[in-house]
Amino acid sequence: MPSRVIPVDPFDLVIFGGTGDLARRKILPGLFRRFCAGQVRKDAQIIGAARSDMTDAEYRALVAEAVREFAGGRACEDGTLDEFLTCIGYEKVDAKGEGGWRELCARLKDDHVHAFYFSVAPGLFGDIAERLRHFGLAHEDSRIVVEKPFGHDLGSARALNATLAQHFDETQIYRIDHYLGKETVQNLMAVRFGNMLFEPLWNAQYVDHIQITVAETVGVGGRGGYYDKSGAMRDMVQNHLMQLLCLIAMEPPARFEPDAVRDEKLKVIRALDPMTPHQIVRGQYDAGIGEPSYRDDVDDARSKTESFIALKCHLSNWRWAGTPFYLRTGKKLRDRASEIAVVFKDAPHSIFGSEAGRHRNILTIRLQPNEGMELGVTIKEPGPGGMRLMDVPLDMSFAEEFGPEAEEVPDAYERLIMDVIRGNQTLFMRGDEVEAAWAWTDPVIAGWEARSDVPKPYDPGSSGPDDALMLMHRDGRKWREIRP
Ligand code: NAP
């Protein structure tokens with residue numbers, strides 16, 4: 001049963017980029033759902049800020065449309081949406097100019113928590129932070145939420161951290177990675193650190209390997225211009241996959257508190273061995289029937305940017321020495337599916353003989369779709385006819401377990417925004433974590449550039465290039481099927 005909803009303190013949330021795609025698809029519908037759940041109180045103020053000329057009423061109409069499209073449901077019809085809209089306002093503000101800032105200040109209530117969401121292009125993060133300070137909005141109780149990408153490499157991430165640090169303390173900076181807000185990701189920590197069952201087995205002695213897959217069916221679509229300068233390594237591995245790796249591999253923190261958790265995550269990133277080229281496969285999707293290739297999508301017939309990556313990495317520490325971590329992510333793959341699979345070693349001796357086959361326990365943590373967990377166990381095949389073994393899943397799907405109440409489980413953005421208001425940084429990346437992740441990623445990317453590495457083509461709807469399969473086969477292992 002989902003936990004009891006405790007309303008957060010009264011707050012004013014300013015969304016810079018409040019008319020943009022992320023605000024319309026995720027932030028505003030998420031706030032509406034928390035309003036419906038009773039977590040956002042009626043005296044909250046949610047203020048969109050962007051350069052467009054708009055009245056409060058016009059912005060409310062935009063918000064209503066976004067909520068209807070992306071949050072939907074009964075609440076839109078029963079008057080709750082109208083109530084929610086009374087919390088909404090708009091201020092025309094230019095992140096690079098002076099106009100609108102004083103009017104914005106005048107709207108904020110002294111006794112409210114002040115949060116500022118930077119849902120704009122990263123090039124504007126520094127300008128907004130500077131103006132918040134200049135107009136007296138960077139006081140000790142205010143906080144800022146910074147979207148990805150956080151830098152393009154170590155140098156730019158350091159520069160951005162330094163800029164933000166001029167105006168805000170680290171305890172006020174919430175670097176968002178929405179993967180950390182997923183219910184299952186937190187459940188991963190609950191399963192690891194709340195049960196006696198798994199933790200004794202959670203090490204190289206018992207775990208053969210770990211696979212992390214984040215597969216998408218869509219191509220780069222309208223994001224081609226941005227994506228082609230980034231690629232899967234920067235867009236997905238450096239942040240989302242790295243964060244998942246941290247949570248699965250970290251030592252138990254002493255307490256479930258922001259710095260205790262983030263210290264342990266940082267140690268994981270720092271324990272990563274440098275990569276060599278044969279540990280990585282890059283791919284780029286080809287054209288399909290009636291479908292453009294990656295190069296068509298980004299309008300560059302010679303693009304060498306990867307839309308797929310598979311890699312094998314190692315952690316040099318006592319817990320994981322000898323256990324490989326295989327990470328894979330890509331676009332235009334056969335299904336949209338994200339999961340972490342912890343593959344345990346074979347039993348040391350099979351008392352059932354070789355004809356019983358090979359059976360392994362696999363703990364699967366599904367992030368999307370159908371968030372949940374599954375533990376594969378080996379049992380006797382039912383019925384007469386001797387001792388034949390089969391693998392069955394012990395399945396805990398949230399949707400099935402909680403029925404309609406699963407609807408009430410906040411999605412990642414909802415949870416993370418509420419954490420910002422509560423002042424809880426546990427599920428946000430600290431500056432040193434982001435820098436450590438870039439420090440590991442940068443030499444890999446520099447190596448590709450130095451070698452003019454060209455990604456391997458793969459068919460849309462496939463599991464990626466054949467070389468990615470070989471990465472596992474060479475080690476006598478195989479990827480799990482990409483399926484929802
Ligand atoms: P977007 O659709 O292009 O929206 C950009 C917003 O910024 C608009 O509201 C725009 O409104 C405003 N803006 C632009 N220049 C401005 C300025 N000088 N001063 C004030 N406001 C300005 O972008 P988005 O997709 O929402 O992305 C926003 C951020 O979230 C980016 O950092 C992106 O990387 C990140 N992000 C987005 C997604 C996603 O799914 N969209 C996912 C993850 C991360 P005006 O033109 O009216 O000023």
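Order of listing sets the numbers, starting from 1, for every ligand and every atom in it.
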Next item on the list: Look at atom 21 (N) of ligand 1 and say which protein heavy atom is nearest, naming residue and atom and giving the distance to 0.1 Å.
Entry: Ala50 CA, 3.6 Å
Item checked: Neighbour count above 12 (heavy atom, 6.0 Å) for Asp111 CG -> yes
Next item on the list: May I ask you to identify the nearest protein heavy atom to atom 32 (O) of ligand 1, giving residue, atom name and distance to one decimal place in Å?
Entry: Val120 O, 2.7 Å
Notebook entry, point to check: Can any side-chain N or O of Gln45 pair as donor or acceptor with the backbone N or O of Leu108 at less than 3.5 Å?
Noted result: no
Note to self: Assess whether a salt bridge exists between Lys92 and Glu103, defined as any Lys/Arg side-chain N lying under 4.0 Å from an Asp/Glu carboxylate O.
What the structure shows: no
Check: Would you say atom 3 (O) of ligand 1 has a protein heavy atom nearer than 4.0 Å?
Finding: no
Item checked: Taking atom 12 (C) of ligand 1 as the reference point, the nearest protein heavy atom with its distance -> Gly17 CA, 3.8 Å
Check: For ligand 1, which atoms have a heavy atom of Pro122 less than 4.0 angstrom away?
Finding: 32 (O)
Checklist line | Winner among Arg25, Met54, Arg51 once heavy atoms are compared against atom 45 (P) of ligand 1 | finding: Arg51
Note to self: Please enumerate all residues that pass ring-ring contact (aromatic ring centres under 6.0 Å, His included) together with Trp448, with sequence neighbours excluded.
What the structure shows: none
Check: Would a 4.5 Å heavy-atom cut-off, applied to side chains only, mark Pro258 and Arg262 as touching?
Finding: yes
Next item on the list: For this output row, return yes or no: ring centroids of His139 and His114 closer than 6.0 angstrom.
Entry: yes
Notebook entry, point to check: Checking ring-ring contact (aromatic ring centres under 6.0 Å, His included) for the pair Tyr458/Phe308: CA distance, chi angles, key distance, verdict?
Noted result: CA-CA 9 Å; Tyr458 62 92; Phe308 173 96; 5.5 Å; yes
Margin query: I'd like to know if the side chain of Arg336 reaches the main chain of Pro369, judged simply by a donor and an acceptor atom lying under 3.5 Å from each other, with no hydrogens or angles considered.
Written below: no
Notebook entry, point to check: Is there any N or O on Ala95 that sits under 3.5 Å from an N or O of ligand 1?
Noted result: yes
Margin query: Under 4.0 Å from a heavy atom of Val93: which atoms of ligand 1 are those, numbered in the order shown and with their elements?
Written below: 19 (N), 20 (C)
Next item on the list: Starting from atom 41 (N) of ligand 1, locate the nearest protein heavy atom and write down its residue, its atom name and how far away it is, to 0.1 Å.
Entry: Asp21 OD2, 2.7 Å
Notebook entry, point to check: Does an N or O anywhere in Leu22 fall below 3.5 Å from an N or O of ligand 1?
Noted result: yes
Note to self: Heavy-atom pairs closer than 4.0 Å: do any link ligand 1 to the side chain of Asp127, the backbone, both, or neither?
What the structure shows: neither
Checklist line | Numbered atoms of ligand 1 (with element) below 4.0 Å of Pro149, judged on heavy atoms | finding: 34 (O)
Check: Which residue supplies the protein heavy atom nearest to atom 44 (C) of ligand 1, what is that atom called, and how far is it?
Finding: Glu147 OE1, 3.1 Å
Margin query: Counting non-hydrogen protein atoms only, what is the nearest one to atom 34 (O) of ligand 1? Give residue, atom name and distance.
Written below: Lys148 O, 2.9 Å
Next item on the list: Could you point out which residue of Val444, Leu241, Thr329, Leu327 forms a side-chain contact (heavy atoms from CB on, under 4.5 Å) with Leu311?
Entry: Leu327
Next item on the list: Return yes when atom CG of Asp299 has more than 12 non-hydrogen atoms of other residues, nucleotides or ligands closer than 6.0 Å, and no otherwise.
Entry: no
Margin query: If we set the cut-off at 4.0 Å for heavy atoms, which region of Lys26 has an atom near ligand 1: side chain, backbone, both, or neither?
Written below: neither
Note to self: Here's one to test your reading of the geometry: is the NZ or CZ of Lys148 within 45 degrees of the ring axis of Phe150 and under 6.0 Å from its centre?
What the structure shows: no
Check: Does an N or O anywhere in Tyr413 fall below 3.5 Å from an N or O of ligand 1?
Finding: no
Check: CZ of Arg480: more than 12 outside heavy atoms within 6.0 angstrom?
Finding: yes
Notebook entry, point to check: To the nearest 0.1 Å, how far is atom 47 (O) of ligand 1 from its closest protein heavy atom, and which atom is that?
Noted result: Ser52 OG, 2.4 Å
Check: Can you find an N or O of Gly20 that's nearer than 3.5 Å to an N or O of ligand 1?
Finding: yes
Margin query: Pairs of nitrogen or oxygen atoms closer than 3.5 Å, one from Lys96 and one from ligand 1: do any exist?
Written below: no
Margin query: With ring pair (Phe, Tyr, Trp, His ring centres under 6.0 Å) as the test, pick out the partner of Phe16 among Trp101, Tyr90, Tyr117.
Written below: Trp101
Next item on the list: Could you establish whether His178 and ligand 1 come within less than 4.0 Å of each other, counting only heavy atoms on the residue side?
Entry: no
Item checked: Which residue and heavy atom of the protein sit nearest atom 11 (O) of ligand 1, plus the separation -> Thr19 OG1, 3.2 Å
Check: Would you say ligand 1 has an N or O under 3.5 Å from any N or O of Ala23?
Finding: no
Next item on the list: Please say whether more than 12 non-hydrogen atoms of neighbouring residues, nucleotides or ligands are located less than 6.0 Å from CZ in Arg451.
Entry: yes
Next item on the list: Give the atoms of ligand 1, by number and element, whose distance to some non-hydrogen atom of Leu124 is under 4.0 Å.
Entry: 15 (N), 16 (C), 17 (C), 18 (N)
